There are 2 protein chains.
Amino acid sequence: MDKKQHLLDTALKLFVEFGFHGTPTAKIAKEAGLSSGTLFYFFSTKDELVTSLYVDIKGKMTAAIMADIEGETSIKRLIEGYFKTPLFWALNNPIEFSFTVQFSNSPYLNQLAAKEIDSHIKPFLTILKRGVKEGVLKKIDPELIFALVRGHTFSIHQYLIEHPASLKKQSQIIETAFSIIWDMIAV
Amino acid sequence: MDKKQHLLDTALKLFVEFGFHGTPTAKIAKEAGLSSGTLFYFFSTKDELVTSLYVDIKGKMTAAIMADIEGETSIKRLIEGYFKTPLFWALNNPIEFSFTVQFSNSPYLNQLAAKEIDSHIKPFLTILKRGVKEGVLKKIDPELIFALVRGHTFSIHQYLIEHPASLKKQSQIIETAFSIIWDMIAV
DNA sequence: TATCTTTGTGACTGTTTAGTCAGTCACTAA
DNA sequence: TTAGTGACTGACTAAACAGTCACAAAGATA
């Protein structure tokens with residue numbers, strides 16, 4: 001499985017640099033020091049490679065979030081985890097995060113089972129619903145709150161990659177960004 | 001130039017439905033009732049067609065914003081125009097707006113001269129800078145405010161297309177969304 | 001050692017695609 | 001009547017590409 005992971009790593013790098021369609025499978029294999037056939041030994045189609053990569057990365061990000069919010073019960077801390085962890089994770093894994101952004105805005109997303117997508121959204125949505133019900137969050141449709149938080153994350157990430165700064169400064173921006181979004185949705 | 005516009009319209013429809021790479025030039029020409037050669041008579045490459053379409057649509061959107069804020073001087077009203085007009089415009093031109101979103105997140109964006117992109121961003125940024133300087137807006141990097149407004153627009157648009165509602169309800173959401181973002185950035 | 005399975009090769013193929021080009025045709029104007 | 005123009009055609013080409021396949025090594029198992 002060493003080679004398989006190596007193919008995933010190489011594909012990731014090339015996809016982010018040249019895009020999905022700008023990266024032929026032959027190039028991925030060659031760059032990974034393997035033959036074209038080997039790629040199709042591990043992944044039956046190119047699409048499968050792309051979606052595998054997404055599932056893989058998304059899984060790692062989710063794991064990071066889960067580790068961060070483990071044991072937490074307060075709505076604020078939970079939302080904080082869901083908001084801040086991906087951004088901090090993105091600082092350490094910029095290529096991976098870029099890939100997920102690119103993927104989310106591509107037609108590939110539709111190839112993914114709705115179930116897979118849902119499994120990442122649902123837990124967070126449940127927390128938001130509870131927050132609204134308990135009066136911690138404003139009486140706004142939880143799905144709208146979800147969209148707001150998501151969009152905010154997207155904004156901050158965009159800003160961070162366009163304006164490189166020290167890790168300390170970046171951390172500060174993320175912290176400030178959370179206060180902003182929290183004030184926006186909390187009662 | 002009738003045929004050229006017709007090609008642009010057809011391409012727009014197909015690109016939004018099938019994506020850039022999922023739409024062969026031959027299909028665009030056929031769907032437009034023209035021959036393959038005609039497409040290349042008007043647009044020297046496929047890329048030129050795609051970017052033309054973007055410039056075209058972006059121009060129309062900018063015109064709508066300009067019409068809305070004409071004569072305005074108050075920072076709040078200007079920002080309101082920059083935020084609300086694209087969203088209302090998107091309600092009436094969903095396909096066009098979807099196209100710009102898709103385009104903005106694709107590698108095609110890099111093909112566009114930085115100048116072209118800048119020309120849309122700069123005027124708004126200037127207003128934000130003035131707002132910060134005059135103490136109307138919070139002391140946050142105007143570029144960050146820009147990112148926040150942009151992300152907020154993106155969020156609301158996403159929510160609106162995922163949750164169809166009456167025009168009245170949609171308008172209400174946009175109005176509310178503006179109060180939210182205004183409270184977020186204003187002193 | 002013999003046999004089976006996994007891992008790997010790289011030349012090959014069938015298809016799809018952007019882009020070309022020689023030529024048609026309706027029209028204009030000298 | 002003739003010459004010229006420019007929109008428009010569609011069969012064609014050259015390249016690129018995803019995916020296949022017959023064939024090996026390398027490793028495991030017996």
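So that the names make sense, note that chain A is the first sequence line, chain B the second, and so on, each numbered from 1. These numbers were taken from a predicted model, which means no experiment stands behind them.
Counting only heavy atoms from C-beta on, B:K46 has its side chain closest to C:dA18 among C:dG8, C:dA18, D:dA18. Taking every side-chain heavy atom of B:F40 into account, C:dG19 is the closest of C:dT6, D:dA18, C:dG19. Set against D:dC17, D:dA11, C:dG10, the side chain of B:S36 has D:dA11 as its closest nucleotide. Closest contact between the side chain of B:T38 and the listed nucleotides D:dC8, C:dT20, D:dA18 involves D:dC8. Across C:dT7, D:dA18, C:dA18, the shortest atom-to-atom separation from the side chain of B:P24 is found for C:dA18. Across D:dG19, D:dC8, C:dA18, the shortest atom-to-atom separation from the side chain of B:F42 is found for D:dC8. Minimum atom distance to the side chain of B:T45 is reached by C:dG19, of the listed C:dG19, D:dG19, D:dA18. Of all nucleotides listed (D:dT20, C:dT9, D:dC8), C:dT9 comes nearest to the side chain of A:L34.
Note: CD (B:E48) to P (C:dG19) measures 10 Å, nearest angstrom. If you take NZ of A:K27 and P of C:dG10, they are 20 Å apart, rounded to a whole angstrom. The nearest whole Å value for the distance from the CG atom in B:L39 to the C1' atom in D:dC8 is 12 Å. A straight line from CG of B:L7 to C1' of D:dT9 spans 13 Å, rounded to a whole angstrom. The distance between atom CD1 of B:I28 and atom C1' of D:dC8, rounded to the nearest whole Å, is 17 Å.
Listed pair A:Y41 / C:dT7 meets the phosphate criterion, a side-chain N or O lying under 4.0 Å from OP1 or OP2. Considering only side-chain N and O atoms, A:K3 lies nowhere under 4.0 angstrom from the phosphate OP1 or OP2 of C:dT7. Side-chain N/O atoms of B:S35 include one lying less than 4.0 angstrom from OP1 or OP2 on D:dT9.
Comparing A:S44 and A:H21 along DNA chain D, the residue whose closest nucleotide (by nearest heavy atom) sits nearer the 5' end is A:H21.
Contacts classified as salt bridge (Lys or Arg N to Asp or Glu O under 4.0 Å) and involving residues 77-105 of chain A (residues at least two apart or in different chains) are given here: A:E72-A:R77, A:R77-A:E80, A:E80-A:K84, A:K84-A:E175.
By the 30° and 60° cut-offs, the orientation of the rings of B:F20 relative to B:F103 is perpendicular.
Remark: B:K27 is positioned above the aromatic ring of B:F18, its terminal NZ or CZ atom under 6.0 angstrom from the ring centre and at most 45 degrees off the axis.
Between the side chains of A:D141 and B:Y159, a donor-acceptor pair is found at a separation under 3.5 Å. Checking B:T62 against B:H120 by side-chain atom types alone, a donor-acceptor pair falls below 3.5 Å.
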